[in-house]
Peer 1: 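So that we are looking at the same thing, I have put the structure below in structure tokens.
Bear in mind the structure is a predicted one, so any value in this text is a computation, not a measurement. Numbers here are sequence positions counted from 1.
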Amino acid sequence: MSDGPATPVRGAVPSPNIWQHTATYEIENHAADPDGRLWAAMADRVSWRGRTVLDLGCGTGFHLPRFAESATSVIGVEPHPGLVRLAQRRTRGLPAVDVRLGTAQEIPLPDASVDVVHVRWAYFFGPGCEPGLAELDRVVRRGGTALVIDNDASRSTFGAWFRRGYPHLPTPRTIERFWAQRGWNRTSVDMGWRFGSRADLEAVVRIELKPDVAEQVLRHHEGLEVDYAVNLWSKDF
């Protein structure tokens with residue numbers, strides 16, 4: 001799978017993984033949340049049945065078909081044209097799904113037009129994402145809910161790897177304070193990774209971490225699974 005040559009929308013934050021390693025990121029998507037704990041936590045927080053869902057930063061559209069199983073309308077927004085094409089190809093047979101080119105800070109939708117927003121690892125690390133959060137205030141209908149999934153770097157094996165790989169990012173405490181001060185609620189989820197082969201695990205680790213950090217952690221981690229904690233941030237509008 002290749003996203004091909006494309007110019008991302010102005011203002012998009014480059015992704016170090018899916019933009020350059022689309023096929024490997026597909027493997028990661030299949031390995032993530034193998035027991036459905038994150039999906040269960042999302043469903044406990046809000047139902048998207050019969051509603052309009054926005055998947056912001058939808059990438060290749062991996063999650064769009066699942067939302068389309070019960071939502072009335074599903075809109076994917078992605079800043080990379082190559083990934084938009086892949087998402088459109090993936091959902092070609094799903095009339096309820098519409099994939100559009102756009103960014104979090106300029107969502108290509110009218111005011112008060114969606115009920116549920118799903119944002120998964122779309123660079124909502126806390127401080128710095130204020131323009132995107134302002135757009136959520138604009139596009140989410142009253143009574144709607146937004147869900148933002150992000151790494152919990154305070155715990156789990158992957159959390160420790162993440163801290164080593166990205167020491168320049170805000171601390172977990174800073175990120176938690178950022179969301180709490182803006183009225184978001186945190187649900188902690190032990191999501192996990194489970195791969196079909198060691199080669200797949202190693203390939204994914206190498207697109208998620210810098211080469212030196214990736215090689216260090218792989219030397220000390222055995223097997224096909226990684227315990228991986230995430231934060232599910234949610235807010236009602």
Peer 1: With D55 as reference, evaluate H118, H63, R120 under the side-chain hydrogen bond (donor to acceptor under 3.5 Å, both in side chains) test and give the passing residue.
Peer 2: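 Looking at H118, H63, R120, the match for D55 under the side-chain hydrogen bond (donor to acceptor under 3.5 Å, both in side chains) is H118.
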Peer 1: Please enumerate all residues that pass side-chain hydrogen bond (donor to acceptor under 3.5 Å, both in side chains) together with Q216, with sequence neighbours excluded.
Peer 2: R164
Peer 1: Is there a side-chain contact between L209 and V217 in this structure, where contact means two heavy atoms from C-beta onward sitting under 4.5 Å apart?
Peer 2: yes
Peer 1: Give a yes or no on whether the ring-centroid distance for W179 and W233 is below 6.0 angstrom.
Peer 2: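 Here the rings of W233 and W179 have centres that are less than 6.0 Å from each other.
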Peer 1: Please tell me if the side chains of W161 and H221 come closer than 4.5 Å, counting only heavy atoms from C-beta onward.
Peer 2: yes
Peer 1: According to ring-ring contact (aromatic ring centres under 6.0 Å, His included), who are the partners of W48, at least two apart in sequence or on a separate chain?
Peer 2: W39, F67
Peer 1: Tell me whether S113 contacts the main-chain N or O of L109 through its side chain, where contact means a donor paired with an acceptor under 3.5 Å.
Peer 2: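 Judged by distance alone, no pair lies under 3.5 Å.
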Peer 1: Which pairs count as salt bridge (Lys or Arg N to Asp or Glu O under 4.0 Å) when at least one residue sits in residues 91-109, sequence neighbours excluded?
Peer 2: D98-R100
Peer 1: Below 4.5 Å, heavy atoms only, C-beta onward: do I149 and N231 meet side chain to side chain?
Peer 2: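 No, every pair of side-chain atoms sits at 4.5 Å or beyond.
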Peer 1: Should N151 and Y228 be marked as a side chain to side chain donor-acceptor pair (under 3.5 Å) after you check the CA-CA gap, both sets of side-chain angles, and the distance that decides it?
Peer 2: CA-CA 8 Å; N151 292 309; Y228 190 149; 2.4 Å; yes
Peer 1: Are side-chain heavy atoms of L232 and M42 found at a separation under 4.5 Å?
Peer 2: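 The answer is yes; the side chains approach within 4.5 Å.
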Peer 1: For D152, which residues count as a side-chain hydrogen bond (donor to acceptor under 3.5 Å, both in side chains) partner, sequence neighbours excluded?
Peer 2: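 Counting only residues at least two positions away or on another chain, D152 forms a side-chain hydrogen bond (donor to acceptor under 3.5 Å, both in side chains) with S154, R155.
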Peer 1: Is the shortest side-chain heavy-atom distance between P127 and T174 below 4.5 Å?
Peer 2: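 Yes, at least one pair of side-chain atoms sits under 4.5 Å.
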Peer 1: Would you check if T22 and T60 make a side-chain contact, meaning some heavy-atom pair closer than 4.5 Å?
Peer 2: yes
Peer 1: Which residues pass the salt bridge (Lys or Arg N to Asp or Glu O under 4.0 Å) test with E215, not counting sequence neighbours?
Peer 2: R206
Peer 1: If the condition is side-chain contact (heavy atoms from CB on, under 4.5 Å), which residues does S156 pass it with, not counting sequence neighbours?
Peer 2: F158, D227, A229
Peer 1: Once side chain to side chain donor-acceptor pair (under 3.5 Å) is applied, what residue pairs with a partner in residues 124-138 remain, sequence neighbours excluded?
Peer 2: D111-R138, E135-R138
Peer 1: Looking at residues at least two apart in the chain, or sitting in another chain, which of them share a side-chain contact (heavy atoms from CB on, under 4.5 Å) with R173?
Peer 2: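 So R173 forms a side-chain contact (heavy atoms from CB on, under 4.5 Å) with T171, R177.
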Peer 1: Taking side-chain contact (heavy atoms from CB on, under 4.5 Å) as the test, write out the residues that go with E225, two or more places apart.
Peer 2: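 Per chain and number, E225 pairs via side-chain contact (heavy atoms from CB on, under 4.5 Å) with R194.
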Peer 1: Less than 6.0 angstrom from the centroid, inside 45 degrees of the normal: does R198 satisfy that with respect to the ring of F195?
Peer 2: no
Peer 1: Would you mind reporting whether P108 and V77 have side-chain heavy atoms less than 4.5 Å apart?
Peer 2: yes
Peer 1: Listed by chain and number, what are the side-chain hydrogen bond (donor to acceptor under 3.5 Å, both in side chains) partners of Y25, not counting sequence neighbours?
Peer 2: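 Here no residue qualifies.
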Peer 1: Check the pair R90 / E26 against salt bridge (charged side-chain N to carboxylate O under 4.0 Å, His left out), numbers first and verdict last.
Peer 2: CA-CA 12 Å; R90 186 194 294 271; E26 187 80 0; 2.8 Å; yes
Peer 1: List the residues meeting side-chain contact (heavy atoms from CB on, under 4.5 Å) with P131, not counting sequence neighbours, and say none if there are none.
Peer 2: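 Counting only residues at least two positions away or on another chain, P131 forms a side-chain contact (heavy atoms from CB on, under 4.5 Å) with Q105.
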Peer 1: Quick test of your reading: applying salt bridge (Lys or Arg N to Asp or Glu O under 4.0 Å), list the pairs with at least one residue in residues 41-54, sequence neighbours left out, ordered by first then second residue.
Peer 2: R45-D236
